[in-house]
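Note that the coordinates shown come from a computational prediction; the quantities given were computed from them, not determined experimentally.
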Amino acid sequence: MQQGGGSETEVTWEDQQNINKFGRLNNRLHDLEDEIKFSKETNDNLEDASNELIITDEEVVRFQIGEVFAHVPKDEVEDRIEQMKEATSQKLEKLEEEKESVLAQMSELKKILYGKFKDSINLEED
């Protein structure tokens, strides 16, 4: 491998495995960020739906189940929305934990790879 200064550093099998692992972790990080964004939007939408339900004075409301709307008692819809919010919050918490784990692993690999290859490797995103 040719470095910026002209000297050569040999890339070992272990180095290549670390570089590949960093790439996989980076891809997973992007996936997690997308999933976190979607979960936050879902949570916000559920919160909005819950607030709308509070101000309605109807006892039976339309509730979407899959691709159809069904007439469901307001109390049952409130319970379902609360369950959905709880499930989304738990999923969001797990995604955030996984993101922190991935970032920690990436940080360790950066130390190792930059320690060996210095400025001849770029692990930062533009």
Could you pull out the closest heavy-atom pair between L25 and V102, with the gap in Å? O-CG1, 3.5 Å
Atom [atom1] in [X], atom [atom2] in [Y]: separation rounded to 0.5 Å?
X    : Y   : atom1 : atom2 : value
I65  : R80 : CD1   : CZ    : 4.5 Å
L95  : D34 : CG    : CG    : 11.0 Å
Q105 : N26 : CD    : CG    : 12.5 Å
K94  : S39 : NZ    : OG    : 11.5 Å
N43  : M84 : CG    : CE    : 10.5 Å
F117 : E10 : CZ    : CD    : 9.0 Å

Would one find more than 12 heavy atoms of other residues, nucleotides or ligands at under 6.0 Å from atom [atom1] of [X]?
X   : atom1 : result
E76 : CD    : yes
E93 : CD    : no
Q64 : CD    : yes

Under a 4.5 Å side-chain heavy-atom rule over Ile, Leu, Val, Met, Phe, Trp and Tyr, are [X] and [Y] clustered together?
X    : Y    : value
F69  : I81  : no
I36  : L46  : no
L103 : I112 : no
L123 : L32  : yes
V60  : V77  : no

Within a strict 4.5 Å, meaning less than it, do heavy atoms of the [X] and [Y] side chains meet?
X    : Y    : answer
T12  : K116 : yes
H30  : E125 : yes
P73  : E59  : no
E86  : Q90  : yes
Y114 : E124 : yes
V61  : H71  : no
T42  : N45  : no

With a 4.0 Å cut-off, would you call E96 and K99 a salt bridge? no
Is K85 salt-bridged to E47, going by a charged N under 4.0 Å from an acidic O? yes
List the steps and the verdict of side-chain hydrogen bond (donor to acceptor under 3.5 Å, both in side chains) for Q83 and D79. CA-CA 6 Å; Q83 291 171 355; D79 291 341; over 6 Å; no
Which residue is it: E33, E41, K40? I am looking for the one with a side chain to side chain contact (heavy atoms under 4.5 Å, CB included) to K37.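 Among E33, E41, K40, the one meeting side chain to side chain contact (heavy atoms under 4.5 Å, CB included) with K37 is E41.
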